[in-house]
Protein chains: 4
Amino acid sequence: MYFFHNDYNEACHTAVLSKMAEGKSPMPGYGMDQSCANAARLIREKCNNDNLSVHFLVGGTQTNMTVIASALRPHQAVIAADSGHIHVHETGAIEATGHKIIALPHADGKITPAQVEEAYLAQSLSADAEHIAQPKMVYISNPTEFGTTYSLKELTALSDMCAKHKLYLFVDGARLGYALASQGYDLTLEDMAQLTDVFYIGGTKCGALFGEAVVIRSPAIAEDFRYMIKQRGGMLAKGWLLGQQFEALLEDDLYFTICRQADMLADKLRQTVTELGCKVVCPNKTNQVFVTLPDRILKELGKEFTFAVWGKEPADETTVRFCTSWATQPESVDALCAALKKLVMEERGESFV
Amino acid sequence: MYFFHNDYNEACHTAVLSKMAEGKSPMPGYGMDQSCANAARLIREKCNNDNLSVHFLVGGTQTNMTVIASALRPHQAVIAADSGHIHVHETGAIEATGHKIIALPHADGKITPAQVEEAYLAQSLSADAEHIAQPKMVYISNPTEFGTTYSLKELTALSDMCAKHKLYLFVDGARLGYALASQGYDLTLEDMAQLTDVFYIGGTKCGALFGEAVVIRSPAIAEDFRYMIKQRGGMLAKGWLLGQQFEALLEDDLYFTICRQADMLADKLRQTVTELGCKVVCPNKTNQVFVTLPDRILKELGKEFTFAVWGKEPADETTVRFCTSWATQPESVDALCAALKKLVMEERGESFV
Amino acid sequence: MYFFHNDYNEACHTAVLSKMAEGKSPMPGYGMDQSCANAARLIREKCNNDNLSVHFLVGGTQTNMTVIASALRPHQAVIAADSGHIHVHETGAIEATGHKIIALPHADGKITPAQVEEAYLAQSLSADAEHIAQPKMVYISNPTEFGTTYSLKELTALSDMCAKHKLYLFVDGARLGYALASQGYDLTLEDMAQLTDVFYIGGTKCGALFGEAVVIRSPAIAEDFRYMIKQRGGMLAKGWLLGQQFEALLEDDLYFTICRQADMLADKLRQTVTELGCKVVCPNKTNQVFVTLPDRILKELGKEFTFAVWGKEPADETTVRFCTSWATQPESVDALCAALKKLVMEERGESFV
Amino acid sequence: MYFFHNDYNEACHTAVLSKMAEGKSPMPGYGMDQSCANAARLIREKCNNDNLSVHFLVGGTQTNMTVIASALRPHQAVIAADSGHIHVHETGAIEATGHKIIALPHADGKITPAQVEEAYLAQSLSADAEHIAQPKMVYISNPTEFGTTYSLKELTALSDMCAKHKLYLFVDGARLGYALASQGYDLTLEDMAQLTDVFYIGGTKCGALFGEAVVIRSPAIAEDFRYMIKQRGGMLAKGWLLGQQFEALLEDDLYFTICRQADMLADKLRQTVTELGCKVVCPNKTNQVFVTLPDRILKELGKEFTFAVWGKEPADETTVRFCTSWATQPESVDALCAALKKLVMEERGESFV
């Protein structure tokens, strides 16, 4: 069986394990150790900003709710795409911290500065403004839940719009590595740190066992952030486990190397699918490949390959997601491409050579 | 100046004031008085159900958040129209109690059983159900924020759908009187009590100084409801003020009489507008009249009449709301109709006789 | 029957009713009316500070939770006496907004600057500070739940201590009139406004039907405070009802006049009880009189007078509270004093003349 | 340097690492894997109850807040010792879920059934019951934060009292292994599962890298518990990491073996200290040793050994905590005993042989 179901179904890169194995106990608890300090320093260096506040949390939902709870007053809301992870996939975790999500229609997972401004003005200019939750933060994912990315120009425009209306810009980077390492991508970690108020560098899906590195530029959000982590249940007793993993990922840019491989394998799959004349949905350059295929083909394919069902389409077709990861073997993608080729051609009554 | 801006800009009906003036202090506090008991009894009688749990709160947002907080566990969500008061006009009060609102597209303020089922199944059948806030309650307003109403058949269908999926049905009746008293309406207070798990009889907009009477059929929601009222800041020290007002409104069916008059005046306005060939938006039989008119006419009209701006339309037109209430004088509506006639005909270059 | 059970069991002073009756509808809703503006102006004048942010809410619990929610970030806590209303009598309303109450042992309802500093340092100096809720506000009641008051010197000392550690000082003034009007009291409304970050002038227990006037000096707490009121369910649609009541209470200092009478009647009762040799508990000069009496006397007394049971004492005695109010008649207190005299003397076998 | 500062400053037992290394990726995410299923089965077997709902979370605060949020309605409170971890050491995490903690004075970290009943009745019998947060759960730690334990008889009595008043009994077992393995302890895992509604088996401090196994007997708390975990940010993407660790700890009773060693080493230290005539505070049989020692001795000792300062005592003495763990070497304890002996005797002017 070949696995393309998700990018968090493998343990971690061997370099991460090695770094953890090297660790010399006893260690100070709660992230006050040397590995966390070192990993934070590496991040500040790569972001070229000594003033960034860097913290390590265990998972994405935890990170999202902690950041948002730290940033907003009770009557304030966060703007997000209606496909955003916080809106559709966190069991109401943000609302459980007391905050409304203002969901905007997405285009391939993305929202635009114009949409943000419209949502902002709809409240702030309303005669009943005080009766409407006040937008104060914009949440986007990069890459999005559809694998698409914000270009430097797009993120700059969004950042400018946020600044114009004093909205925080928060980027969920659960899969950030797959964006930064994608072919032709023009946005860097340093840009991320300059253009956002807070973002995170996802570890769980990008080579670590677990862990997300939060990078905060806004002093207001950074203030007492460790209290917030503790209160939301995110302060790992053995916090060095997080520091070590990010040390391993950031030294020698391993993070980018392994994500680039995943992206290239996804590119290969996308190319194959395109050449076969199948429909690639939400075209992108990161590790998620969305394709619409006949159900009959998928049934066959499912015997040897795992993938995620994204949505039923008309005429006995279904859109599915194939996900590569840092752990995906080139051979697996080759096998998948070959199988697809064979099945598609058979479907068309062509002979498969 | 004639006022059609809203239905909560007048104090209260004289019968309500008289009843309050009759009250003999001292009274037991916190709603444990004879007036509250009597008003609750009247409501149970009219609903023909001795087991209903009846409580009196001060305002609508307070009532909505208290009911929802009492009904849901933390991971549960409430389904509502995206035009619903809780979604757009309560400064995030429901999210501040920790609950997500699942907003569905409305048609003239209403949602359908099919929509509810779709939203329910989208979560419950999802492979990731546990990652999605769980729908557990359906919130509707009757009349809606657009003045439209649910017929007996419609509410029965919604109630059946809720029962099918074990969803609570909660009806915001801030303007309930204007529905129940509207011409040809086939739904009664007794139906409301049978078809819903909890609803409220709005006082603030229907003749009282303030006050909403919550009627709970579901034992789970009713349990410890007074604790919930107290915790959410809704337990009025001098609770008899609420009981007295509902006594006055319910004795001799004053509530229905005064709401009927408001509805009839609104009907008259709608008829006039229709005869003038102007566009009535969200046609309904209750006290809110939505009309699209040329901006030039509205500018003139605004010198003598107040109304609420609902939304800009193309071609220099605007949709506005005229709201009648228990306090609206027939003469005011006559004046409004006459003014509209005159302005519309002038606009068309016709002479006004 | 004579009523000394509480100070919120009578409707309101006639001047308040008259002012409400004078009101000319229609009025703008939600407290944007002239009466609210005028009442706020009166308060600013009496506080001699044009920059105060003044708001009118319906009840005490609602006010407490709204102020605290507006002031604190999620990890911050409020210090209070363990007898404080927010700690013991609000069904966990403050915790329901997400904040811990750090309860300190009270002395007759009061806490000291030294206690506050100790609580503050216990957290801030702890090696585990981030694991402990961070004190950020001090809540006191004046008068306290035991009728005692903070002198100018005491409140100044508390205010200085709060300023020293950047803690907000919040005074619950549900019965503030009974403090300010008490014999020999040296603290004024102006002092309150200078020494606190936020306090409120209680209406419900001091002559109004309902209503609390929040006075905010801290810009951080004042920011977007109306959003907070709306979100917490405290924004009265017909807000002018609150403005009118405070206009009536503040014009000609009615608030102080009627509270002074209640205090004097309480003084008379205290003097009688003291002369009879009975034990006055928590001696104070405001409208609450706590006395320990033999159960046998209380049983007799209860046939004609209501009072609140405060606590069982050893040897068949009970401490009870007699509460006067703006509505208490001198004759009622005379009757109570006479009855007490008679019963106490009979108990002692003395003849009652 | 020898480390006795805490029991979470070492990574994990080698058997745990081995089990994790054996794991064959890819694995299903979110705890739906075979290791979690197997670990849950092992726990049900040891508890001799097939109906237990077992879940694995990452850390203690996260577990406490998730369990409590799942169990209580908004107006309900949890009773705890005033030394309880949730009350003093979780940055207000429980209040942040909306619930009040009713803190009772502890005796060596423990509370009694009589205290629980008193707290319960204080609310339920109050004339103002609805104004007071309603006790619905009792939280204890076993062992407590002072290393003391509840005997079978004590836990049975507490359980009976909880049942009597329909209170949930929740046991924080962050260090449970050190209780169960302590010399002469008469309470088993099976007893825990029978006597409580929910408890957890702590991994983080007892041999795991991280992880707490929640064991739920109450169907009401168990319902939709995975939703609660997800919403509170506790659902680990690579959940098999938790399952594997508990498999390793529970197979062959490793959990008990390694905790027993820690307890025995602590016993040895306690015996030495006692023989030296020093004061052991909160005597217990688990892995935490509290001793009061002269500051001069502690200063010397601190050069070679780490420990936690518990509290200043009069006369230049301090109470400190020495903590053994599954990772403590016998040689380290020998060294500590020898050093203590030497320093104490020198202090007394005796010669050290």
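Order of the sequence lines fixes the chain letters, A, B, ..., with proteins taken first and strands second; residue numbering starts at 1 for each chain. Note: hydrogens, waters and symmetry copies are ignored here, and every other heavy atom, side chains too, is used.
- Counting heavy-atom pairs under 4.5 Å between each of Pro74(B), Gly98(B), Ala308(B), Ala103(B) and chain A puts Gly98(B) at the top.
- Among residue pairs with one or both ends in residues 84-101 of chain B, those qualifying as salt bridge (Lys or Arg N to Asp or Glu O under 4.0 Å) are Glu95(A)-Lys100(B), Lys100(A)-Glu95(B); sequence neighbours excluded.
- The stretch residues 137-147 of chain B places none of its residues near chain A, where near means some heavy atom under 4.5 Å from a heavy atom of that chain.
- No side-chain heavy atom of Thr91(A) sits under 4.5 Å from any side-chain heavy atom of Glu130(B).
- Atom OH of Tyr2(A) has 12 or fewer neighbouring heavy atoms from other residues, nucleotides or ligands inside a 6.0 Å radius.
- Nearest heavy atoms, Ile132(B) versus Val88(A): CG1-O, 3.5 Å.
- Interface remark: of the candidates Ile102(A), Thr97(A), Asp128(A), Asp128(A) forms the most heavy-atom pairs closer than 4.5 Å to chain B.
- At a 4.5 Å heavy-atom cutoff, the contact between His89(A) and chain B is made by backbone and side-chain atoms alike.
- Across Ala133(B) and Gly92(A), no two heavy atoms sit closer than the pair CB-N, 4.0 Å.
- Interface residue Ile101(B): only side-chain heavy atoms are found under 4.5 Å from chain A.
- Of the two parts of Ile94(A), neither the backbone nor the side chain holds a non-hydrogen atom closer than 4.5 Å to a non-hydrogen atom of chain B.
- Other residues, nucleotides and ligands place no more than 12 heavy atoms under 6.0 Å from the NZ atom of Lys166(A).
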